[in-house]
Peer 1: 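Below you'll find the structure I mean.
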There are 2 protein chains.
Amino acid sequence: MKNQKKMHYSRQREKILEYVQNRTDHPSAEQIYLYMREEIPNISLGTVYRNLKVLEEMKEIRRVLTPLNEERYDTRMDNHAHFICRNCGKVIDLNTVDNLKTEQLCEDPSLGAIYTVTVTIEGECAECMEIEKSGTVTRMKA
Amino acid sequence: MKNQKKMHYSRQREKILEYVQNRTDHPSAEQIYLYMREEIPNISLGTVYRNLKVLEEMKEIRRVLTPLNEERYDTRMDNHAHFICRNCGKVIDLNTVDNLKTEQLCEDPSLGAIYTVTVTIEGECAECMEIEKSGTVTRMKA
DNA sequence: ATACCTGCAAATTATTTGCAATATA
DNA sequence: TATATTGCAAATAATTTGCAGGTAT
């Protein structure tokens, strides 16, 4: 189908995948870049983005939508739920999506192929609520 | 609570809300801007963004997360589902979310306040599938 | 040798913001 | 008159891309 070109091995790509796989906090491209510089000091941000894109195409990782205009990445490829804190941007995985009747949603004739189903809950995490109650308000983004 | 300052009326804001309310296709800021220019020729994109933000704060509209790096807007304030086409970026509203057991998802102690719950289905719409079958491939974004 | 990958820097895209002028209350 | 809102242009922020050199096959 798709003009699949043969891939060469790359240390950068291997390390990026390894890093994202070993985290549960859905790192952003920037966070991945900052970490990678410790392993491969002169890696460039462009390389990080390019590899995240191919890894996504390879279905090794998945992009997570957030309301804070920054893409986050994830290696859980099953259909699961995300809680996103509007204050600190934290993404928390939630497990119990079994009861979601996906099939019912997908009866619409205008839908073609389904790739992923994500339940996204936007709100504020307990930690941020606590901080706000105590008076000190901190925001990740303006 | 929030330092609520009194608002002045603005024709720009009224028209923007009216436009988003009368559409079902989740327009982007850019699309809203292009349309608004027909009504108010020298409106600026900054004004569109500023008003979308206040309308969101007023809970008159809602931002929709899409995987195509562009915010889309919506006036359905109930918790509903979105189908997003990865090819053309189209956002389709889906109705049957009743069976989703939101409460179960929300038992996690790290969750504080819940603002919105959105089920997002990423895939490809029937129209795009049809076009691809017929050979002519068109993409909104590279 | 060939095709893929990289680092770097410049380019692009989406969104935000400072400011002086204008509209609303 | 005081304050909110606007248009404009410049500033940011996130991501993408062209290119020349480097690396894997």
Side-chain angles (χ1 to χ4, degrees), chain A residues 2-17 20 26-34 36-58 60-61 63-73 86 89 91 139-142, chain B residues 2-17 20 26-34 36-58 60-73 84 86 89 91 139-142:
Chain A
K2 237 179 189 171
N3 203 6
Q4 182 80 348
K5 52 173 87 174
K6 46 193 162 283
M7 278 188 21
H8 286 187
Y9 166 83
S10 119
R11 189 160 78 97
Q12 287 81 341
R13 181 156 54 233
E14 179 177 57
K15 289 284 181 189
I16 289 169
L17 174 57
V20 179
H26 309 74
S28 66
E30 186 68 27
Q31 289 171 322
I32 296 166
Y33 169 65
L34 290 175
M36 291 313 294
R37 283 213 307 195
E38 291 172 22
E39 297 267 315
I40 306 171
N42 59 344
I43 193 171
S44 79
L45 194 46
T47 296
V48 171
Y49 276 108
R50 267 185 293 234
N51 278 308
L52 287 170
K53 186 174 272 182
V54 302
L55 288 168
E56 198 194 353
E57 280 161 11
M58 291 165 69
E60 292 286 349
I61 64 174
R63 242 184 242 237
V64 178
L65 307 172
T66 82
L68 293 171
N69 284 329
E70 202 184 28
E71 304 289 352
R72 302 302 207 84
Y73 297 86
R86 281 206 189 152
V91 179
R139 283 202 161 264
M140 237 181 83
K141 302 238 173 176
Chain B
K2 236 179 190 172
N3 201 9
Q4 182 82 345
K5 51 174 88 176
K6 44 192 162 288
M7 276 188 23
H8 288 185
Y9 166 84
S10 119
R11 189 161 76 94
Q12 286 81 342
R13 182 156 52 232
E14 180 178 57
K15 290 284 182 190
I16 289 169
L17 175 57
V20 179
H26 310 74
S28 66
E30 186 68 26
Q31 289 171 321
I32 296 166
Y33 169 65
L34 290 174
M36 291 312 294
R37 283 213 307 195
E38 290 170 23
E39 298 266 316
I40 306 171
N42 59 345
I43 194 172
S44 79
L45 194 47
T47 297
V48 172
Y49 275 108
R50 268 186 293 235
N51 279 309
L52 288 170
K53 187 175 272 184
V54 302
L55 288 168
E56 198 194 353
E57 279 160 11
M58 292 164 68
E60 292 286 348
I61 65 174
R62 190 194 267 189
R63 241 182 242 238
V64 179
L65 307 172
T66 82
L68 293 173
N69 284 332
E70 202 183 27
E71 304 289 351
R72 302 303 207 85
Y73 296 87
I84 300 174
R86 280 204 189 154
V91 178
R139 285 204 160 260
M140 238 182 84
K141 302 238 171 175

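What you see below is based on every heavy atom in this structure, not just the backbone, and it leaves out hydrogens, waters and symmetry mates. Here is how names work: the chains are called A, B, and so on, in the same order as the sequence lines, proteins then strands, and each is numbered from 1.
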Peer 1: Given atom CD of A:Glu30 and atom C1' of D:dT16, what is their separation to the nearest angstrom?
Peer 2: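 So the CD-C1' distance, A:Glu30 to D:dT16, works out to 15 Å.
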Peer 1: Are B:Lys6 and D:dA4 close enough that a side-chain N or O sits under 4.0 Å from OP1 or OP2?
Peer 2: no
Peer 1: Between C:dT13 atom C1' and B:Tyr33 atom OH, what is the distance in whole Å?
Peer 2: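 Roughly 15 Å, once rounded to whole Å.
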Peer 1: Separation of B:Arg63 atom CZ from C:dA14 atom P, in whole Å?
Peer 2: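 Result: 14 Å.
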Peer 1: CG of B:Leu17 to OG of B:Ser10: how many Å apart, nearest 0.5 Å?
Peer 2: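 B:Leu17 atom CG to B:Ser10 atom OG measures 10.5 Å (nearest 0.5 Å).
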Peer 1: Taking the nucleotide of DNA chain C with the nearest heavy atom to each, does B:Leu45 or A:Val48 sit closer to the 5' end?
Peer 2: A:Val48
Peer 1: Can you check whether B:Gln12 has a side-chain N or O nearer than 4.0 Å to OP1 or OP2 of C:dA23?
Peer 2: no
Peer 1: Run through A:Ile43, A:Ile61, A:Ile16 and flag the one making a side chain to side chain contact (heavy atoms under 4.5 Å, CB included) with A:Asn51.
Peer 2: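 When side chain to side chain contact (heavy atoms under 4.5 Å, CB included) is applied between A:Asn51 and each of A:Ile43, A:Ile61, A:Ile16, only A:Ile16 qualifies.
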Peer 1: Just how far is it from atom CG of B:Leu34 to atom OG of B:Ser28, taken to the nearest 0.5 Å?
Peer 2: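 So the gap between those two atoms works out to 8.0 Å.
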Peer 1: Provide the closest heavy-atom pair for A:Met36 versus A:Gln12 in the form atom of the first, atom of the second, distance.
Peer 2: CE-O, 4.2 Å
Peer 1: Let me know the distance between CG of B:Asn51 and C1' of C:dT15, rounded to the nearest Å.
Peer 2: 15 Å
Peer 1: Take the protein atom OH of B:Tyr49 and the nucleotide atom C1' of C:dT13, then report the distance between them rounded to whole Å.
Peer 2: 9 Å
Peer 1: Tell me every residue that passes side-chain contact (heavy atoms from CB on, under 4.5 Å) with B:Arg50, counting only those two or more places apart in sequence or in another chain.
Peer 2: B:Thr47
Peer 1: Kindly indicate whether the side chain of A:Glu60, heavy atoms from C-beta on, has any atom under 4.5 Å from the side chain of A:Val54.
Peer 2: no
Peer 1: In whole Å, what is the span from the CD atom of A:Glu56 to the P atom of D:dT15?
Peer 2: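 Nearest whole value for this atom pair: 12 Å.
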Peer 1: The side chain of A:Ala29 is closest to which nucleotide in this list: C:dT16, C:dC5, D:dT15?
Peer 2: D:dT15
Peer 1: Mind checking the CD1-CZ spacing from A:Ile40 to A:Arg11? Nearest 0.5 Å is all I need.
Peer 2: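 It is 4.0 Å, given to the nearest 0.5 Å.
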Peer 1: In B/S/- notation, 5' to 3', how is nucleotides 19-25 of chain D contacted by protein heavy atoms closer than 4.0 Å?
Peer 2: -----BS
Peer 1: Return the value, rounded to whole Å, for the distance between atom NZ of B:Lys53 and atom P of D:dA4.
Peer 2: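 Checked: the NZ to P distance equals 17 Å.
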Peer 1: Contacts to DNA chain C from residues 36-44 of chain B, heavy-atom cutoff under 4.0 Å, which residues?
Peer 2: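 Close to the strand, none.
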Peer 1: To the nearest 0.5 Å, tell me how far B:Lys15 NZ sits from B:Glu38 CD.
Peer 2: 12.0 Å
Peer 1: Hey, mind stepping through B:Glu30 and B:Leu45 against side-chain contact (heavy atoms from CB on, under 4.5 Å) and telling me if it holds?
Peer 2: CA-CA 8 Å; B:Glu30 186 68 26; B:Leu45 194 47; 3.9 Å; yes
Peer 1: Using atom CG of B:Leu34 as one end and atom P of C:dA14 as the other, report the distance to the nearest whole Å.
Peer 2: 11 Å
